[in-house]
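Contents: one structure, followed by commentary.
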Amino acid sequence: MTDLETRAAPSRAGALRRAAPALLGYAAVRALGLVALALWSAARDKSAYTLLTARWDALWYTRVAELGYGYEVRLPNGDVHSNLAFFPLLPWLERLLAAVSPLSYADGGFVVSLGASIAAAWGIFAVADHVYGRRAGVCAVLLWAVLPVGIVQSMAYSESLFTALAAWSLYAGLTGRWVTAGALALLAGLTRPVGMAVAAAVWVAAIGSFVRDRRAGVAPGPGPGARRVLGVLLAPLGTAGYVLWVGHRTGGGPLGYLDVQAGWRNGFDGGYAFARFVGEKFTSFPSAPAGVGLVLGVASAVWLYVAGVRQRQPLPLLVYSGVVTALALCASSYFGSKPRLLLPAFPLLLPLALTLARLRLRRSALVLGSMAVLSAGYGAFWLNGSGPP
């Protein structure tokens, strides 16, 4: 096994104490974002809580929780928006909370997202701390919190839940807890289509561990070997199970889920449609700055990934963030949502976290504090706009 796998993990209480600065900082940033959203929304005579829990995708999740699958909207242009496009874990949790408490489905989605965002922050810290040390872990969490689209972490969307499951699955894989890694990957696969990225990371981690054991002449006993195989088998079952179920329900076979996505005009075209969308921004002056921003955003994501490769991030992290980034940038629709779709790709932030960790505490605090204020303002402006995030 590698040094990462053999490094002693702290006890649960010790792990919480170690992560406390990151979690407290994360909670402070998210509280600032919610306060900014409340003030901005009140000034525009809107409900901040409605923006967080009862608009856009959040409505589709609550309809799944309330009515089950089968609801669809037929648009005048012939497109069919089916709720089968939305994976089931978040609606299941919303339904569970509504069944055992006085919470509505929307309230349940908000509570799940709040809890999952803290779990995600802790998971991100655990991964970064395990690979690069505590200070880098704190910086990674705070960078994730101050992303311009960070307000989505508090919405009744599935991004926080997915990121929490993905981060802890990656941590389990890095530390050789194969059944846990596979089980969490399975749950991530029931949360978002990009769950396949988590399964791929678990496979890569397991294969790498097996190869290293063979090269070192280590003959794993039946127990460790069986747990590794079990983790590998569990990892893809969430995504595969839901996709096959949708295909069976729609009569479309294994590709039935792709037909559902096509009804939303969403697919994978290698980035052609997105590139054309960006190019069209440069045809007139008012939209040209937006085009420049999009180009810079894509270039930044690619640069951060390359920086991670150069810093020799563990291969499972590179595989995970690579798949998430590729699927986000190469989807053929919902261009305004691409920053949100990149939110789970937290390993992209590790090069920046390492840079901040090397700065003096006062300077890194100033940078992150400034970013937190800008993020809070942008999030409030963004959610009070007309389109979905």
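Bear in mind the structure is a predicted one, so any value in this text is a computation, not a measurement.
- With hydrogens and angles disregarded, a donor-acceptor distance shorter than 3.5 Å links the side chain of Thr250 to the backbone of Val246.
- Across all non-hydrogen atoms, the minimal contact from Leu383 to Arg55 is O-NH1, 4.1 Å.
- Although no hydrogens or angles enter the test, the distance criterion places no donor-acceptor pair under 3.5 Å between the side chain of Tyr157 and the main chain of Trp56.
- Closest heavy-atom contact between Phe268 and Cys330: CE1-CB, 3.3 Å.
- At least one side-chain heavy atom of Leu329 sits under 4.5 Å from a side-chain heavy atom of Leu342.
- For an aromatic pair to be called close, the ring centres must be under 6.0 Å apart, and Trp264 with Trp60 satisfies this.
- Side-chain contact between Leu34 and Ile151 is present, with heavy atoms from C-beta onward closer than 4.5 Å.
- At least one donor-acceptor pair under 3.5 Å links the side chain of Arg134 to the backbone N or O of Arg18.
- Hydrophobic clustering (side-chain heavy atoms under 4.5 Å, transitive across Ile, Leu, Val, Met, Phe, Trp, Tyr) groups Leu170 together with Leu187.
- Asn83 contributes a side-chain N or O that, together with a main-chain N or O of Gly68, makes up a donor-acceptor pair within less than 3.5 Å.
- Nearest heavy atoms, Trp40 versus Gly377: CZ3-O, 3.8 Å.
- For the atom pair CD1 of Ile124 and CG of Leu142, the computed distance is 10.5 Å after rounding to the nearest 0.5 Å.
- Ring geometry, Tyr320 versus Phe162: the interplanar angle falls under 30°, so the pair is classed parallel (tilted spans 30 to 60°).
- Put simply, NZ on Lys46 and CG on Leu37 are 10.5 Å apart, with the number rounded to the nearest 0.5 Å.
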Let's go through Val211 and Arg215 carefully: what are the C-alpha distance in whole Å and the side-chain angles of both, what is the deciding distance for side chain to side chain contact (heavy atoms under 4.5 Å, CB included) to 0.1 Å, and is it a yes or a no? CA-CA 6 Å; Val211 170; Arg215 287 178 177 175; 3.7 Å; yes
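- A donor-acceptor pair is defined here as one N or O able to donate and one able to accept, closer than 3.5 Å; such a pair exists between the side chain of Ser47 and the backbone of Thr50.
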If you look only at distance, which donor and acceptor atoms sit under 3.5 Å apart when one is on a side chain in residues 87-94 and the other is two or more places apart or in another chain?
none

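- More than 12 heavy atoms of other shown residues, nucleotides or ligands fall within 6.0 angstrom of atom CG in Asn77.
- Thr325 has its side chain out of reach of Val323: every pair of non-hydrogen atoms, C-beta onward, lies at least 4.5 Å apart.
- Cluster membership check: Tyr242 does not share its hydrophobic cluster with Leu96, using side-chain heavy-atom separations under 4.5 Å among Ile, Leu, Val, Met, Phe, Trp and Tyr.
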Taking it one step at a time, do Leu318 and Val204 satisfy side chain to side chain contact (heavy atoms under 4.5 Å, CB included)? CA-CA 10 Å; Leu318 292 173; Val204 167; over 6 Å; no
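- Side-chain heavy atoms closer than 4.5 Å link hydrophobic residues (I, L, V, M, F, W, Y) into clusters, and following such links, even through other members, never connects Leu190 to Trp203.
- Looking at heavy atoms from C-beta onward, Tyr305 lies in side-chain contact with Ser321 at the 4.5 angstrom threshold.
- Looking at every heavy atom in both residues, Ser169 comes nearest to Val202 through OG-CG2, 3.5 Å.
- The shortest distance between side-chain heavy atoms of Leu361 and Arg135 falls below 4.5 Å.
- A distance of 11.5 Å separates CG of Leu184 from CZ of Arg177, quoted to the nearest 0.5 Å.
- When the side chains of ILVMFWY residues are joined at heavy-atom separations under 4.5 Å, either directly or via intervening members, Leu16 and Val138 end up in a single hydrophobic cluster.
- Taking the ring centroids of Tyr105 and Tyr61, they lie at or beyond the 6.0 Å cut-off.
- Between Leu317 and Val127 there is a side-chain heavy-atom pair separated by less than 4.5 Å.
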Show the numbers, then the answer: is there a ring pair (Phe, Tyr, Trp, His ring centres under 6.0 Å) between Tyr26 and Phe125? CA-CA 11 Å; Tyr26 177 80; Phe125 172 82; over 10 Å; no
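- With 3.5 Å as the limit, one finds a donor-acceptor pair spanning the side chains of Ser209 and Arg228.
- Remark: Ser41 pairs with Asn384 by the side chain to side chain donor-acceptor pair (under 3.5 Å) rule, at least two apart or across chains.
- Ser300 pairs by the side chain to side chain donor-acceptor pair (under 3.5 Å) definition with nothing, not counting sequence neighbours.
- Taken to the nearest 0.5 Å, the CZ atom of Phe86 stands 9.5 Å off from the CG atom of Leu59.
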Could you walk me through whether Trp122 and Leu23 satisfy the side chain to side chain contact (heavy atoms under 4.5 Å, CB included) test, starting with their C-alpha distance in whole Å, then the side-chain angles of each, then the deciding distance to 0.1 Å, before giving a yes or no? CA-CA 7 Å; Trp122 193 355; Leu23 299 182; 3.8 Å; yes
Going through the distances and angles, do Val198 and Leu165 end up as a side chain to side chain contact (heavy atoms under 4.5 Å, CB included)? CA-CA 9 Å; Val198 190; Leu165 294 167; over 6 Å; no
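- Put simply, the side chain of Gln153 gets close to the backbone of Trp144: a donor and an acceptor are under 3.5 Å apart.
- Contacts classified as salt bridge (charged side-chain N to carboxylate O under 4.0 Å, His left out) and involving residues 322-345 (residues at least two apart or in different chains) are given here: Asp57-Arg340, Glu159-Arg340.
- Follow the hydrophobic side-chain contacts under 4.5 Å out from Val309 and you reach Leu174 in the same cluster.
- Residues Val232 and Ala206 share a closest heavy-atom pair of CG2-CB, 3.4 Å.
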Anything under 3.5 Å between a donor and an acceptor, one on a side chain of residues 345-360, the other on a protein residue two or more places apart or in another chain? List them.
from   : atom 1 : to     : atom 2 : distance (Å)
Thr355 : OG1    : Pro351 : O      : 3.1

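- Between Leu147 and Tyr378, the closest side-chain pair of non-hydrogen atoms is not below 4.5 Å.
- Taking the six-membered ring where tryptophan is involved, the planes of Tyr171 and Trp168 are perpendicular, since the angle between them exceeds 60° and thus also 30°.
- Side-chain atoms of Thr163 never come within 3.5 Å of backbone atoms of Ser160 as a donor-acceptor pair (strictly under, hydrogens ignored).
- Between Arg212 and Ala205 the shortest heavy-atom distance is NH2-O, 4.3 Å.
- Taking a 6.0 Å sphere around CZ of Phe381, one finds it holds 12 or fewer heavy atoms contributed by other residues, nucleotides or ligands.
- In terms of the salt bridge (charged side-chain N to carboxylate O under 4.0 Å, His left out) criterion, residue partners of Glu72 (sequence neighbours excluded) are, by chain and number, Arg74.
- Interatomic distance, Arg30 CZ to Ile118 CD1, rounded to the nearest 0.5 Å: 9.5 Å.
- A distance-only check finds a donor-acceptor pair linking the side chain of Ser113 to the backbone of Met155 [under 3.5 Å].
- The side-chain heavy atoms of Trp178 and Leu234, taken from C-beta on, include no pair separated by under 4.5 Å.
- Rounding to the nearest 0.5 Å gives a distance of 14.5 Å between CZ of Arg249 and OH of Tyr257.
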